[in-house]
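Quick note: numbers below take in every heavy atom, side chains included, and nothing from hydrogens, waters or symmetry partners.
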Amino acid sequence: MKNIKNIVIVGGGTSGWTTATMLIDRIFPETKTNITLIESKDVPIIGVGESTTGQMPYLISNSNYLNELDFLKTTGSTFKYGIKHSDWKVIGDSFNSPLLPGWDNETRYPHETYDYMRNYHLAAQKSVDNFYHSKCMDQHKVFYVKGDPNNKYPGIVPEHGHQLLDTTGYGYHMDAYLASDYLRSKALNTGRIKRIENTVKEVVRDSAGHVIDLKLADGGSVSGDLFIDCSGFSRLLKAKDNKFISYSNYLLVDTALIIPKQYPENIDHVRTYTEAKAMKNGWMFKIPLQKRMGRGYNFSSKHTTKEDAHKELEQSLGEEVDVKNVISFEPGRLEKFWDKNVLHVGISSGFLEPLEATTIHISLKQMEHFMEEYYHDMIDLNNQALQNQFNYGMTTMYDDNRDFLIYHYHNTRQDTEFWRDASSESTLSKKLKNNMSIWNSRTPRKSDMSSSPIENTLLLGTILYYNIAIGMSSISPKLSEYELKYYGLYEKAKQDYRAIDDFGDYMINRSMLSKEFYEKLRQGQI
């Protein structure tokens, strides 16, 4: 074993610079480990979607040198409190899927992770619109709360002035280019990382297959001990024997038309949610930033052409639109995420589809897991057992995210060939099919995801599944009602539902409109 003295990141963009952020924050300066990032101006940033999960706010709030309000102000990013799904089950119908934290079952019966609250939503056939997150989504407000000296919720609501709530359960909508610029600038200002603007032309490996040198377009070269591949679909550091495992039989969406739009000068509001609107052959996204709306159509090329998808978009939007970019992709992942002295992160390791912002989420979880469970500067990069364990965890995480996306396409509308194909039993993985069978007899539990505590830190859990099940009526209300009454939790759940609704009403009446919040933020008043 030898000390890791030089870490080389190949590729910038969101994946490269969030990876750099984590390395800077988590590697002690005393180790004198050099970090180098190579990015090419000839390789564009991939911006299929600009929506994140709670992992991005977690990265920023836990960084030693980043600041959330500064990030929002500088990049024009906005808060995301959830996703509004339109037309998925019935055309003309929609439902919210808020990014809520877990619900604590203080009764600990039948156990502490039993989600009696979301089961009550199912049992009573109620939407999740009673939650504060959903109220903010529907009323275009943010968690910036006006003080009240006699408030009912001391410790949450301030007594005076305004306060941005310190809470979990939100993500960002962001411009991939501006976010990358911001992270790059802040990282370079630490003096802990060297940036090389160049293009990798050749990867030199030793006889055992380890990367030892990268030949650059200008004739220079970069050597290192550990290489992190953030080169996106190029997968520049992938070894020939590292197979790509396709998910195309499970996820049919494989093409994205990107059509961003600037806001008019005076807009009425800035949304606080991503909209995912089901279309004839896929779904359209709308992602609100401070100054523009990110938009696009993610569709199946097996069911329509780019030209017909463009026409369908214009018909749905009621306007002519110019397509800025067309991105084709094959859903899937690599067989090996950690391969000898190369770590594949972000799109370099795999890609599902833009629904639910899984790409940035997975990228951040990959590096977090590697740094927390594996990395130190004497790590043995030849230890196959270590690599196998890491790769098993990453495979499990990818498969879990894939299954959650598949779940969206079941119990849906059936009016086109795409929706009939996407919802067919043939798209179900073995695990998801098994879980859905289980959920016919009892409601979802954390143990359905994994019995391993470590694995469950990587997996999505049941909260988001419940959101989709509630919105899509995918789980029997009678089953949830029976369980709650059997466990003696029905009346408690009903009382807690009312308490959540009262809290949401109290908070929303003291919350600032998102448009006003961002205006004040830009003016330096927040």
Using modelled atom types only, decide if a donor and an acceptor are shared between the side chain of [X] and the backbone of [Y] within a distance under 3.5 Å.
X      : Y      : result
Asn341 : Leu381 : no
Asn3   : Lys5   : no
Gln387 : Lys340 : yes
Asp229 : Leu237 : yes
Asn96  : Met137 : no
Ser363 : Thr359 : no
His410 : Ser423 : yes
Asp448 : Arg445 : yes
Arg192 : Ile27  : yes
Asn62  : Tyr58  : yes

Please step through side-chain hydrogen bond (donor to acceptor under 3.5 Å, both in side chains) for the pair Thr199 and Ser40, ending with a clear verdict.
-> CA-CA 5 Å; Thr199 303; Ser40 173; 2.6 Å; yes

When you check the side-chain N and O atoms of Asp339 and His344, is any donor under 3.5 Å from an acceptor?
-> no

Taking atom types as modelled and ignoring hydrogens, do the side chains of Asn189 and Tyr65 form a donor-acceptor contact shorter than 3.5 angstrom?
-> no

With side chains defined as the heavy atoms from C-beta onward, is the minimum distance between Asn467 and Val128 less than 4.5 Å?
-> yes

Evaluate the side-chain proximity of Asp403 to Tyr250: yes if any heavy-atom separation is below 4.5 Å, no if none is.
-> no

Within this structure, what is the [atom1]-[atom2] distance for the pair [X] and [Y], rounded to the nearest 0.5 Å?
X      : Y      : atom1 : atom2 : answer
Glu356 : Ser97  : CD    : OG    : 5.5 Å
Trp88  : Met279 : CH2   : CE    : 12.0 Å
Asn401 : Leu352 : CG    : CG    : 6.0 Å
Leu459 : Phe404 : CG    : CZ    : 13.0 Å
Ser349 : Leu343 : OG    : CG    : 8.5 Å
Glu275 : Arg295 : CD    : CZ    : 11.5 Å

[X]/[Y] ion pair, N-O < 4.0 Å:
X      : Y      : answer
Glu50  : Lys286 : no
Lys446 : Asp115 : no
Lys336 : Asp241 : yes
Arg195 : Glu197 : yes
Lys215 : Asp213 : yes
Glu368 : Lys365 : yes
Lys186 : Asp181 : no

Of all heavy-atom pairs between Ser223 and Val8, which one has the smallest distance, and what is that distance?
-> O-CG2, 3.6 Å

Stepwise side-chain hydrogen bond (donor to acceptor under 3.5 Å, both in side chains) check, Thr53 with His361 | CA-CA 6 Å; Thr53 67; His361 174 85; 2.9 Å; yes

Go through the steps for Asp377 and Thr31 under the test side-chain hydrogen bond (donor to acceptor under 3.5 Å, both in side chains), then give the verdict.
-> CA-CA 8 Å; Asp377 64 353; Thr31 63; 4.7 Å; no

Determine, using ring centers only, whether [Y] and [X] are less than 6.0 Å apart.
X      : Y      : answer
Tyr114 : Tyr116 : no
His376 : Phe28  : no
His133 : Tyr170 : no
Phe233 : Phe351 : yes
Trp283 : Phe299 : no

Out of Ile360, Leu72, Thr78, which residue meets the side-chain contact (heavy atoms from CB on, under 4.5 Å) rule with Met174?
-> Ile360

Test applied, side-chain contact (heavy atoms from CB on, under 4.5 Å); reference residue, Lys80; option that passes from Ile287, Thr52, Thr274 = Thr274

Anything under 3.5 Å between a donor and an acceptor, one on a side chain of residues 326-333, the other on a protein residue two or more places apart or in another chain? List them.
| from | atom 1 | to | atom 2 | distance (Å) |
| --- | --- | --- | --- | --- |
| Glu330 | OE2 | Ser246 | OG | 2.6 |
| Arg333 | NE | Tyr247 | OH | 2.8 |
| Arg333 | NE | Asp399 | OD1 | 3.4 |

For Asp218, what residues pass the side chain to side chain donor-acceptor pair (under 3.5 Å) criterion, not counting sequence neighbours?
-> Asn198

Check the pair Lys433, Glu425 against side chain to side chain contact (heavy atoms under 4.5 Å, CB included), reporting the backbone distance first and the verdict last.
-> CA-CA 8 Å; Lys433 185 177 181 180; Glu425 189 170 319; 2.6 Å; yes

Aromatic rings Tyr374 and Phe370: how do their planes relate, parallel, tilted or perpendicular, breaks at 30° and 60°?
-> parallel

Applying salt bridge (Lys or Arg N to Asp or Glu O under 4.0 Å), name anything that partners Asp87, two or more places apart in sequence or on another chain.
-> none

Verify side chain to side chain contact (heavy atoms under 4.5 Å, CB included) between Trp17 and Ile9, making sure each step is shown before the conclusion.
-> CA-CA 9 Å; Trp17 286 108; Ile9 304 168; over 6 Å; no

Given the rule in the side-chain hydrogen bond (donor to acceptor under 3.5 Å, both in side chains) test, do Asn435 and Tyr465 qualify, once you have shown the distances and angles that lead to the verdict?
-> CA-CA 11 Å; Asn435 276 345; Tyr465 273 97; 5.9 Å; no

